[in-house]
Amino acid sequence: MGDLVQFTKSGNIGVITINNPPVNALSPGVPEGISESIDQLHKDDGLKAAVLIGGGSTFIAGADIKELAKMALGKPRGAGLLALLSKIEDCSKPVVAAIHGTALGGGMEIAMACHYRVAVRSAKVGQPEVKLGIIPGAAGTQRLPRLAGIAKAVEMCSDGNPMAAPEAFELGIIDKLIEGDLLTGALAFAHEIVAKPLPKTRERNNKLGAPEQNAPIFAAARENARRKYRGLIAPLAAIDAVEAATRMPFEVGCQVEQKLFADCLVSLQAKALMHVFFAEREVAKIPDIPKDASLIPIKTAGVVGAGTMGGGISMVLANAGIPVLVKEADQATLDRGMANIQKNYANSVKRGRFTEQFVEERLKLIQPTLSLDGFASVDLVIEAVFEGMALKKEVFAQLDKICKPGAILASNTSTLNIDEIASATSRPPFVIGTHFFSPANVMRLLEIVRGKATSKEVIATCMQLSKKLGKVGVLVGNCRGFVGNRMFHPYMRESVFLLEEGATVEEVDSALYDFGLAMGPLAVGDLAGLDVGWRIRKEHRHLEKPGIRQPFAGDRLCEMGRFGQKNGAGWYKYDENRRAVPDPEVTALVRKWAAEAKIPQRQISREEIVDRCLYALVNEGARILEEGYALRSGDIDIIYINGYGFPAHRGGPMWYADTVDLKNVYSRVLEFHKLHGELWEPAPLLNQLAAQGKTFAVYSKEQRNFQMAGLF
Ligand code: 3HC
Ligand code: NAI
């Protein structure tokens, strides 16, 4: 049976224990071990029933995604789990699944093939396959509706969110909630049911409903999936499979599920989403920082600046239970900042995200102040004052004097050099960048910026803190704009160039929206405020290289006072609910300006819009990767998915380029280079990988002993 599954006895009850840490995934050997255990149960006359339980901290978290990823790339599928599940269900003695931690995917499917399920209250169950671009592949879509009813089953299979054990108990997915030790409770339960007839989930048809009852449920689920999971195929396939359960006998329903599962598994979307699953876990691994690096305990924090970012960051810290002092420059601004925090919390209560009690407790953790005195005892300070080097250095010099030795001093700067900020202190090893994205209490991304001197302990602490804050922390090097904004710049530049060459605002935005981005680039510009970039460009105009084309239409709009959403007009016009309305005046103005600038006008295809914008991202991403400002191409993907609305089902910009084939990307970049000049100089790494027939993903794996760049 190997080491992965153990079969032991507790009196006349067999105990099947899965031991495949960390999550008891169904890796090769686990299904075989369970199958042999069922044989033993069957054969041993002294045994009356069995409990199936997970060793360690969880039941079974599902199929081994590494194996699924190989199958997605063409490795032949084995017998699958279906035969094992029938074997469990057809066993002549009852099998009780005892659940703690999570029973997910194939783990849930095994539990549903058992005759009974018991669980501790903290356990969670679910069919999360859609998050990997697939659907349940071992009769989950056929057994779950038989236990939970159609509405819940369709929701669980198409949303993929786990359900807490108490709710699963109410629905009938779980037969008993166990208080105290799970195995003890499960054994007692097994004794209770041992003489009862064996319930088989596949034969329970009483919750399958009638077609006229089910039709509106499926229609609503499909509408929801099309809206919430725009462009994704798996949620709709999952709904089709659950619907099959209501229309066909169990075995035929399983065949329908198998076909849909197989179609999803080989899709580009599944490959991309599995890449995202692993990339999101990989970002936590920093080659030169051991897993067990010592950490600085963060029990209290301070935030300097209660503006847009400082307010949001204070909420993030408080939400994680960390008391936070918020310092502002004057009373009126401090009051305004606190009022904004309260308003944001009130909105969260309104939307049902937080309870009033939760918010009350969090607000007590946020202490406004006008002095830095209280910062002497905090473990971490995050500075979020205006973006200006002189001011940042002044604040860091003050913090250096006041804060205790060993406190981490972090800056939320989005563009400035962390090393220069650190030079204002006597402790550069304790200075780091923590670049939150706006709104900080909503966006999942946190770029953690490694300075030249930042200590490993400080980096490890911030990486770990990001998890506690509910963020995905990605370590990046200290270059202008770090990773995300450095790439965003050429992306936005191309979007404006395209307008100036003849595309309309709606054409540019809709091409990228339809590709899957949460918003088109011009709508994003309006949201962020067109004036932000305009001010920076005005300041740095003297640094621009003569003869290099610069986008100008956005700046002209700013000169007319059109700053974007904040004042009701930018690339679009906005109504009182901040809903965007196309503005023909903008198209006319851009045409006029383009004529004055003698830019030839032409019809621009959607394909060109997508290629120009996305390959501008990719070309810059390739430079960043080669220069060592990102550790892996997957890190860049995670940044774009979590901070910039890039569709996860495309895998992120670098993964997307890999799927297009870097040879094709390179030749398109060369084409743009010929037409548009220096700005499109192909990144040397893109050139190299295209010539070698490699991908960014393979290059990232080959980069061992990787040293992250530490200088501008
Ligand atoms: N297969 C392979 N590896 C897995 C895995 C899985 N199903 N689930 C987790 N892991 C690995 C992670 O990659 C990570 O590895 P690392 O330490 O080398 O980075 C390690 O286990 C721990 O995972 P997390 O860091 O995510 O640990 P958490 O405690 O935060 O979360 C979890 C645990 C909730 C189980 C989370 O890992 C998770 O959601 N896993 C995926 C569950 C899932 O999608 N299951 C369905 C699979 S598809 C399926 O079953 C098809 C079936 O219908 C046939
Ligand atoms: P903001 O203008 O909304 O807030 C800055 C606040 O700092 C103001 O309230 C100001 O009164 C306060 N302040 C200035 N000097 C101070 C001092 N000495 N002590 C205490 N408070 C002081 O600016 P925002 O947008 O919050 O930006 C803050 C930082 O975050 C900047 O470095 C910015 O580049 C960065 N950032 C901004 C993002 C955004 O989308 N707004 C996104 C990511 C980073």
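Treat the numbers as computed from the prediction; the structure is a model and nothing was measured. Along the sequence shown, residues carry numbers from 1. Indexing begins at 1, ligand by ligand and atom by atom, following the structure's order. Just the heavy atoms: all of them, side chains too, but no hydrogens, waters or symmetry mates, feed the values below.
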- [ ] Pull out every atom of ligand 1 sitting under 4.0 Å from any heavy atom of Gly105, numbered as shown with elements.
- [x] 46 (C), 50 (O)
Open item on the list: What I want to find out is whether Asp526 reaches Lys566 closely enough, with some N-O distance under 4.0 Å, to be called a salt bridge.
Closed with: no
Open item on the list: Students should be able to answer this: which protein heavy-atom is nearest to atom 33 (C) of ligand 2, and at what distance?
Closed with: Glu387 OE1, 3.7 Å
Open item on the list: Can you name the atoms of ligand 1, numbered from 1 with element, that are less than 4.0 Å from a heavy atom of Leu68?
Closed with: 48 (S)
Task: Protein heavy-atom partner closest to atom 15 (O) of ligand 1 - residue, atom, separation in Å - done: Lys285 NZ, 4.8 Å
Open item on the list: Give me the residue, atom name and distance of the protein heavy atom closest to atom 19 (N) of ligand 2.
Closed with: Lys327 NZ, 3.1 Å
Task: Sub-4.0 Å atoms of ligand 2 with respect to non-hydrogen atoms of Gly307 - done: 3 (O), 4 (O), 6 (C), 9 (O), 26 (O)
Task: Under 4.0 Å to a heavy atom of Leu132 - the qualifying atoms of ligand 1, by number - done: 44 (O), 47 (C), 48 (S)
Open item on the list: Closer than 4.0 Å to some heavy atom of Thr333 - which atoms of ligand 2 meet that?
Closed with: 9 (O), 11 (O)
Open item on the list: For Leu26, which part has a heavy atom under 4.0 Å from ligand 1: side chain, backbone, both, or neither?
Closed with: neither
Open item on the list: Within ligand 2, which atoms have a heavy atom of His435 less than 4.0 Å away?
Closed with: 43 (C), 44 (C)
TODO: Find all atoms of ligand 2 within a distance of less than 4.0 Å from any non-hydrogen atom belonging to Thr413, and give their numbers and elements.
DONE: 32 (O)
TODO: Output the list of atoms in ligand 1 that are nearer than 4.0 Å to some heavy atom of Pro136, sorted by atom number.
DONE: 53 (O)
- [ ] Give the atoms of ligand 1, by number and element, whose distance to some non-hydrogen atom of Phe277 is under 4.0 Å.
- [x] 8 (N), 9 (C), 13 (O), 40 (N), 41 (C)
Open item on the list: Can you check atom 44 (O) of ligand 1: any protein non-hydrogen atom closer than 4.0 Å?
Closed with: yes
Task: Val304 neighbourhood, listing ligand 2 atoms whose heavy-atom distance to it stays under 4.0 Å - done: 19 (N), 20 (C)
Open item on the list: A side-chain contact here means heavy atoms from C-beta on lying under 4.5 Å apart; do Lys87 and Ser35 qualify?
Closed with: yes
TODO: Indicate, as side chain, backbone, both or neither, the part of Thr58 found under 4.0 angstrom from ligand 1 when only non-hydrogen atoms are considered.
DONE: neither
TODO: Can you sort out which atoms of ligand 1 are near Gly62, meaning under 4.0 Å from one of its heavy atoms?
DONE: 50 (O)
Task: atom 11 (C) of ligand 1: any protein heavy atom closer than 4.0 Å - done: no
- [ ] Just let me know how Gln127 lines up against ligand 1, side chain, backbone, both or neither, with a heavy-atom cut-off below 4.0 Å.
- [x] neither
- [ ] Identify the two heavy atoms, one from Ala98 and one from Phe59, that lie closest to each other, and give their separation to 0.1 Å.
- [x] O-CD1, 3.3 Å
Open item on the list: If the threshold is 4.0 Å, N to carboxylate O, is there a salt bridge linking Glu109 and Arg143?
Closed with: no
- [ ] Look at atom 21 (O) of ligand 1 and say which protein heavy atom is nearest, naming residue and atom and giving the distance to 0.1 Å.
- [x] Pro22 CG, 3.4 Å
- [ ] Compute the ring centroids of Phe437 and Tyr644, then answer whether they are less than 6.0 Å apart.
- [x] yes
Task: Identity and distance of the protein heavy atom lying nearest atom 37 (C) of ligand 2 - done: Met309 CG, 3.3 Å
Open item on the list: As a quick check of understanding, evaluate side-chain contact (heavy atoms from CB on, under 4.5 Å) for Leu380 and Leu465, giving each step before the final call.
Closed with: CA-CA 11 Å; Leu380 161 75; Leu465 180 69; 3.6 Å; yes
Task: Protein contact for atom 31 (O) of ligand 1 (heavy atom, distance under 4.0 Å) - done: no
Open item on the list: As a test of the contact definition, would atom 27 (O) of ligand 1 count as having a protein heavy-atom neighbour under 4.0 Å?
Closed with: no
TODO: Could you tell me which atoms of ligand 2, counted from 1 in the order shown, lie closer than 4.0 angstrom to a heavy atom of Lys392?
DONE: 31 (C), 32 (O)
TODO: Check each atom of ligand 1 against the heavy atoms of Asp64 and keep those under 4.0 Å away; list them by number with element.
DONE: 1 (N), 2 (C)
TODO: Could you pull out, from Ala138, Ala63, Gly101, the option with a heavy atom nearest to atom 6 (C) of ligand 1?
DONE: Ala63
- [ ] Considering heavy atoms of the protein only, find what lies nearest to atom 8 (C) of ligand 2 and give residue, atom and distance to 0.1 Å.
- [x] Glu328 OE2, 3.3 Å
- [ ] Return the residue, atom name and 0.1 Å-rounded distance of the protein heavy atom closest to atom 39 (O) of ligand 1.
- [x] Leu104 CD1, 4.1 Å
- [ ] Could you tell me whether Lys152 and Glu167 make a salt bridge, using a distance below 4.0 angstrom between a side-chain N and a carboxylate O?
- [x] yes
Open item on the list: In the complex you have, is atom 23 (O) of ligand 2 within reach of the protein, judged by whether a heavy-atom distance drops under 4.0 Å?
Closed with: no
TODO: Measure the distance from atom 5 (C) of ligand 2 to every protein heavy atom, then report the residue, atom name and distance (to 0.1 Å) of the closest one.
DONE: Ala384 O, 3.6 Å
Task: For ligand 1, the portion of Pro128 having any non-hydrogen atom under 4.0 Å away - done: side chain
TODO: Ignoring hydrogens, just give me the one of Asn340, Thr434, Val385 whose non-hydrogen atom is nearest atom 13 (N) of ligand 2.
DONE: Val385
Task: Distance-only side-chain donor-acceptor flag, Asp419 / Asn478, under 3.5 Å - done: yes
- [ ] Go through the steps for Thr141 and Leu144 under the test side-chain contact (heavy atoms from CB on, under 4.5 Å), then give the verdict.
- [x] CA-CA 6 Å; Thr141 60; Leu144 189 56; over 6 Å; no
Task: Protein residue, atom and distance nearest to atom 18 (N) of ligand 2, heavy-atom basis - done: Val395 CG2, 4.0 Å
Task: Which residue and heavy atom of the protein sit nearest atom 1 (N) of ligand 1, plus the separation - done: Ile65 N, 2.9 Å
Open item on the list: Suppose I only count heavy atoms of Ala329 and a 4.0 Å limit; which atoms of ligand 2 are within that range?
Closed with: 20 (C), 21 (N)
Task: Contact partition for Phe437 relative to ligand 2, non-hydrogen atoms under 4.0 Å - done: neither
- [ ] Would you verify whether the NZ or CZ of Arg480 falls within 45 degrees of the ring axis of Phe482 while also being under 6.0 Å from that six-membered ring's centre?
- [x] no
Open item on the list: Suppose we measure from atom 2 (O) of ligand 2 to each protein heavy atom; which comes out shortest, and what is that distance?
Closed with: Phe386 CE2, 3.2 Å
Open item on the list: Ignoring hydrogens and geometry beyond distance, is a side-chain donor-acceptor pair present between Asp64 and Ser27 at under 3.5 Å?
Closed with: yes
Open item on the list: Looking only at protein heavy atoms, which one is nearest to atom 42 (C) of ligand 1, and what is the separation?
Closed with: Ala61 O, 3.3 Å
Task: Best match, Glu280, Glu129, Lys467, Arg281: closest heavy atom to atom 51 (C) of ligand 1 - done: Glu129
- [ ] Classify the side-chain pair Asn642/Lys471 by whether it contains a donor and acceptor separated by less than 3.5 Å.
- [x] no
Open item on the list: To check your reading of the model: name the closest protein heavy atom to atom 30 (O) of ligand 2, its residue, and the distance in Å.
Closed with: Asn412 ND2, 3.0 Å
Open item on the list: If the cut-off is 4.0 Å to any non-hydrogen atom of Glu109, which atoms of ligand 1 fall inside it?
Closed with: 52 (C), 53 (O), 54 (C)
TODO: Would you please say whether a donor-acceptor pair under 3.5 Å links the side chains of His435 and Asn412?
DONE: no
Open item on the list: Distance under 4.0 Å to a non-hydrogen atom of Thr308: what atoms of ligand 2 satisfy this?
Closed with: 3 (O), 25 (O), 26 (O)
Task: Atom CD of Glu67: over 12 foreign heavy atoms under 6.0 Å - done: yes
TODO: Return yes when at least one protein heavy atom is under 4.0 Å from atom 19 (O) of ligand 1, and no when none is.
DONE: yes
- [ ] Specify side chain, backbone, both or neither for Val23, according to which of its non-hydrogen atoms lie closer than 4.0 Å to ligand 1.
- [x] side chain
